[in-house]
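First up is the structure itself, then whatever we jot down about it.
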Amino acid sequence: MSEEFNLQESLLSLSDLSLYHIPAEIDIPSQRTSTIDESLSSAIESIVHDPESIVHSQPSTFDVFQSILKYSDSPNITGPILTKLLDVILSSLSNHSNAVIGLVGLQGFQTDDIDAPMVHKQPLEMWAFLLQWFIISAERGAGKSSDGSTTTTTGKGKKKTTAKSSSSTGFAWVEQIPFVLSTIHRVLRIPSGRIWRTSSEKESFISCFSKPSYQLAENELYLKNQEIKLGIYKIICLSVKFHGHSFGAQTSIIQNLTYFEHFSEPMAELLSILEKEFDFTQLSEEVLRDVSTKTFAHNDVKGPRSFSRFLIKLAELSPRVVAKQMALLLGHLDSDAHPMRMAIVEIIGILIRDLSLSDEGDEEQKAKQIKRYFELLMERFLDLNSWVRCKVLTTIIKLCDLPAKFPKQRHQITELTIRTLEDKTSSARRYAIQLLCKLLETHPFGALHGGTLNLGEWQDRYDKIAAELDKVDAVELEKAKRDVGMVDGEDQDESQHKDDEQEEEEAEEVEEDVDGDGEGTPRAVKQERKSKKPRQSQLDITGIQAEQSTLDPELIHKLRLTKKYYSDALKFINQLEGAIPTLSQLLVSTTKTEVLEAMRFFRVAYEYDLQSYEVGIKTMLHLIWTKDNNSTVPAPTTTNEDGTNAGGAVEGNTKGIRANLIDCYRSLYFDVVPDLTPKQQVSRIAKNMIERTYGATLAELTSLEELMRTMMAEGGVHNDVVNKLWQVYSTDQEIPKAQRQGSIIILGMLALARREVVTERVEALLKIGLGHLGMHDLVLARYTCIALQRLGGSAKKVKGSLSDKTMRLPMDNPIFVKLQEIIEHSPKSPQWFSMAEQAINTIYLLGEQPDALCSELIKDLTVKVFEKPSSGQDGTSPSQENNESTGENAQEDMQVDGEATQEAHNEATPPPSSQQEQERGTKDQIGSFKLAQLVFVVGHVAIKHIVYLELVEREFKRRKDETAKQKAAAKAAEKDSNDLDAVAGNAEDDIGELISGIRERELLFGDKSLLAVYGPMIAGICASPKRYKNPSLRQAATLSLTKLMCVSAQFCESHLLLLFKILETSRDPVVRSNIVIALGDIAVCWGSMIDDNSERLYQGLSDPDPIVKKNTLMVLTHLILNGMIKVKGQLGEMAKCLEDKDNRISDLAKLFFTELSTKDNALYNNLQDVISHLSVGAHKVDEDTFERTMRFIFTFIEKDKQAESIVEKLCQRFRLATEERQWRDISFCLSLLPFKSERSMKKLIEGLPFYQDKLHEETVFRRFTEILAKARANKAANKPETELKEFEAILTEHQAKGLEDQALEADVLRKTKAAKRRAAKRPQASGRGKKAITPDDEDDENVDEEEATPAPVPAQRSTRGAGKAQPKKAPPPKARRGGRRKVVESEDEDEEEDE
């Protein structure tokens, strides 16, 4: 048997068991289990008595074992049989391996019997062969079931009975694997080189253990068992370290990484154990070399992913090993597969971390390596793949947490990160914000002055240290020059001169310190010092001694380091300050994760006291209007299917933007901070609330109002804070006006959520806001009126509902007395108009009969305007003589008073010649302001009365509805109820008609209407700009006129042309802006009137004032998108706004076209008009602007049918296009279309006759080439390119033909001009004695000379004809004697008469 067994051949035979020959094979399938068990037991007994019997026994014991393994899948082979077999294999291997180790370990073994271990060679091979075969069989499922009825071995759906029956007869292979692996460990301890002299034999023996190990590792479940995993690792490590399995392991690892993804990290762990526990790095290095030579395609997914994980894991476990091969691995930075580039980037970060934390090696060399690695990372900021760019950012985020701060690279990282904020990929922008936050949180400038980064504070510190160093440098320079001057006389003179200058500067500083004159003294001192020049050497000695005692070199060095420290800090702060505008834009991003990260950055910036953090905090406030669903935010492609985040989680991502905003503001301003008493806490929160209103715009106040309302509704504002706000508002102490105003603003906001905030303190409102303080602070009075409006409640009206929950007060309430008093008697101020507006709003909101009070108010103001008229003047005279004022002042509010500007202008003008004229001018200004007050109140009362009439109508309908319901409840019959509903409906219609009639005919045209008196007067003021020049009066009158036009269609129709005329001629942008906004309201009320004159409304888009242009665009956007006016070819002007310099206008225009594209074919129907408007005529724009505009608009042409129709229409435009500019514009528009369908290309080819003669123009031909490339890219793979190739040939042919025609035309024109020149020369050469040239001939000749293209020809003719020049000049004097002289004289006379 020993001569017959060959391990290598036997291993090869295992590939096909059906052909494997066993000499004394047992017919296992035909025998019972008990018989098989008896045969196995007898074989085991023989092995126990004689371990060598496996080689010498007859019949062969070895064949019994082989037979059982060959038919291990047979039902007859049960678990106990396999367990016995495995036990004998493992015990025999252990026995022989222990024997070999014992022999080798004996002293004198090498000298006595070197071949003694050879006795165990064949038994070891046979038992190793059996073990490999057993592992293969066990992995195939041998012994898992007792009969053929159960085929599933590892499923969870087994019945309990099956489990019990198989537990007694089945084979639990997983439990046996650790024992198998430990036995193999023992076997691999033997010195294989002593037994197997040839490498092939040794490799065969070792493969009996290594191959099963790799086979076990292929099962991912085994690798999750720590004991099995470490056992497999140890087998491979022993085989590599002691038995020359290095090459085989290298090949197996590369293959496993290629075909099995789960092998990535285990193989890295294996190499790490081999390096750390077995001190064998050669295999790792060889594997890394192999990996460095592999190439991957850009679309390969599985391979790059597996190798990248392997490299990253190996770098984490054994960074030194990877660092040695990094030069080769860096080649993967140019790999087409982005996972490999990402892996190298992450490995670089791991190596930087290892180098920075290591205490070994040369510090200078480590610094060079770190610098090189950072350079590689920074290059990857420009990687084409966004995932690689994101990996760079996340890698640097991890590096920021290291103790080392990398100051040399930090500024460049910050700069590149700020640049990445404008990345086109949302994930890259998000990680860039995270990195900026991390850079800010881990900045290295907190050692001297804490962690804050206020720009002003750091600049002051830098300036101080720089000034100190300048003094030190000056002293050191002086000292150095003195030293040199003691040797060289000339240098001594120069140093003396410098010393004098330095001392002169010091003397000046002394003089400034004592507040002296400082002009004559330095010169006197300088002269005195010059006189003492011979004694300079004595002074030098004393000066040097003093300097040596004061200037410490260590101190100077410390000062220089501190200056560098401050300089670096300032650079970092300025970088962050420069990034804040971009981060503010990201706050309004459409990507939720970006917004949340940007909010987090500004939260951190607030904590570190960055100077511009308030910009982001204020911008963030507008996010309160975001609609949240409070769902988890999935990061793109990094979220698992079960909803868990696989990486890159955003802080606070379980909350929405709105909830995050509230949390952010609460934590910054409204939360309790430690180390403060409760009273101080309340004062701090109240102060922060008030400070939010300082300098806030109307939009910011609106958003702040919603924030405060939400917090109050959620119970986030304590009653003590509310009481503190009331205390600030009601205090009798002198406090800043803005502080008192802020308190009532916040109280009014809080009252939106809880009306009791105001209802309990009405007396304070009347005493403070509408009392003495409010009379002198109209802004305070205005916001007090707004707070009073909260008394009526803030419940939103439900559309169609007739209920009204607003609280109404009787007209004798003190509130209305105070309101009337402050409107009538408050001092003249620009803020009066906004205050009066809110006061009237309060009257109409709270009063039961507001019209009565407002009528009285108007009458009182009228009396004030017309009281004590001057002699010879009518009631409107006070505004006639305000000729000094100019109408070019703009205010923030729409109801603007220009009196402040008027007064300033009057102060700047020369004083009147007499005191009487000055007094009269003052009275005129006062009269104009009073008239403006009256006009404003009339207009606002009119517009509020419309709203009041609607409430009256709703109240009537509500009462009718209640009456109808009561009657309907009393009726039992359904028919009668239906009849009653019809009657109630008719009654409601009658009420509506009655109210409409009052609005249309009574308010402005009724005999008893008070407003009817003022309508003509207001129209007269607006129609007489030369007579009424006061800007405040004109603004108020124009605004009131527009409000009156919203009341009555008849009044609107009669004054609409006047309004358009004012819009065209007014120089005041406030007036124009107000008119544009009012036209939008008029369009809502009387749509047909504006629709007929809509072209005049579009004129505002070309207004020079950006506010007027923005308001016009906003109004048109509202009207067009809501279908209130029809688009009639004027979209071209709106398209121009897409390229406006003002970002607000361009963004609004983009929003308009984006929304318009959602309407049915609205943009498509007007596209041709837009192209014509921008390309041809007086309104056309330059080509670059045209291309940018059309590129944006064409992004909304997505339907194939629309694209096909546009292709046809654009081709037809070529027919009428005469200029090359038009050709280029049309071809550019064609190139923007997608050409996804074959019909689009067919339409283009059919239109060839229209543009074939234009193809010679270079740009046109290039555009058609782009179209052809686009069509080829969109072509289906199974469609032939015949048609496209033919079209390309036709294009090339017509281009060449066009170029030839163009050259021929130029040649003909040149020859024609040359012939004309020759014809003009011929009479001069042949007819010298003939009649002189007539003036007509001269004119023709001059024309020919001007048309001639070559420059030398006219010069040559003038030279030859020098003697003939006199006859040409003779005819003009003859002409003067004729009728021409009369014509000239008559023209002169006419000119004189005109003059």
Side-chain angles (χ1 to χ4, degrees), residues 400 404-422 432-433 435-477 502 505-506 508-510 512-513 515 551-552 554-587 598 600-620 668-669 687-688 691-692 694-695:
C400 288
K405 299 301 180 182
F406 310 110
K408 294 182 179 179
Q409 292 82 19
R410 202 174 187 89
H411 292 304
Q412 189 176 359
I413 290 172
T414 308
E415 182 181 351
L416 293 172
T417 307
I418 293 171
R419 190 186 304 169
T420 311
L421 291 175
E422 300 179 8
I433 303 173
L435 178 53
L436 276 182
C437 288
K438 184 62 71 174
L439 289 169
L440 184 54
E441 291 169 343
T442 60
H443 73 83
F445 307 111
L448 294 181
H449 307 286
T452 58
L453 295 175
N454 186 277
L455 182 60
E457 295 177 0
W458 283 92
Q459 188 65 51
D460 292 342
R461 294 165 186 157
Y462 178 80
D463 293 341
K464 288 180 182 178
I465 202 78
E468 291 181 14
L469 273 175
D470 289 342
K471 292 180 182 179
V472 170
D473 291 340
V475 173
E476 286 187 341
L477 181 63
Q502 179 69 24
E505 292 176 0
E506 294 175 357
E508 289 177 357
E509 293 177 1
V510 171
E512 291 174 359
D513 290 340
D515 296 327
L551 294 181
D552 186 2
E554 294 183 2
L555 179 61
I556 296 173
H557 182 64
K558 183 178 180 181
L559 286 176
R560 297 191 191 283
L561 290 178
T562 307
K563 182 181 178 183
K564 181 67 169 60
Y565 178 80
Y566 288 163
S567 175
D568 290 344
L570 281 173
K571 185 176 180 182
F572 178 65
I573 295 170
N574 284 318
Q575 284 178 321
L576 292 178
E577 295 283 351
I580 282 180
T582 307
L583 287 160
S584 299
Q585 293 179 0
L586 292 177
L587 279 172
R600 177 171 168 263
F601 173 84
F602 283 109
R603 195 169 178 172
V604 175
Y606 170 84
E607 295 171 358
Y608 285 89
D609 197 22
L610 282 182
Q611 192 167 334
S612 302
Y613 77 89
E614 288 186 359
V615 176
I617 296 295
K618 286 187 175 181
T619 306
M620 190 194 306
L668 294 182
Y669 301 116
K687 179 186 175 185
N688 286 338
E691 287 177 349
R692 296 311 101 218
Y694 292 171

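Proximity of L469 to T562: side-chain heavy atoms (C-beta onward) are nowhere separated by under 4.5 Å. A heavy-atom distance below 4.5 Å is found between the side chains of S584 and F602. Taking the side chain as every heavy atom from C-beta outward, H449 and N454 never approach each other to under 4.5 Å. Using a 4.5 Å heavy-atom cutoff, the side chains of E468 and V472 are not in contact. Residues L435 and T414 are not in side-chain contact: their nearest non-hydrogen atoms beyond the backbone lie 4.5 Å or more apart. Side-chain atoms of L436 and V604, non-hydrogen and from C-beta on, never get closer than 4.5 Å to each other.
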Take L576 and L439 through the test side chain to side chain contact (heavy atoms under 4.5 Å, CB included) and record every step on the way to the result. CA-CA 10 Å; L576 292 178; L439 289 169; 5.9 Å; no
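For E441 and R600, the salt-bridge test passes: some basic side-chain N is under 4.0 Å from an acidic carboxylate O. Of the charged side-chain nitrogens involved, none lies within less than 4.0 Å of a carboxylate oxygen, so that K563 and D470 do not count as a salt-bridged pair. A salt bridge between K464 and D460 is absent, with no side-chain N of the basic residue lying under 4.0 Å from a carboxylate O of the acidic one.
Atom NZ of K687 has 12 or fewer heavy atoms from other residues, nucleotides or ligands within 6.0 Å.
Residue S612 is tested with I580, I617, L583 for a side-chain contact (heavy atoms from CB on, under 4.5 Å); the sole match is I580. Looking at W458, Y462, F572 one by one, the single match for ring-ring contact (aromatic ring centres under 6.0 Å, His included) with Y566 turns out to be W458.
Once rounded to the nearest 0.5 Å, the distance linking OG1 of T442 with NZ of K405 reads 5.0 Å. The structure places OG1 of T417 at 13.5 Å from NZ of K438, a figure rounded to the nearest 0.5 Å.
For T420 (side chain) and L416 (main-chain N/O), a donor-acceptor pair under 3.5 Å exists by modelled atom type.
In this structure, the ring of Y669 has its center less than 6.0 angstrom from the ring center of Y606.
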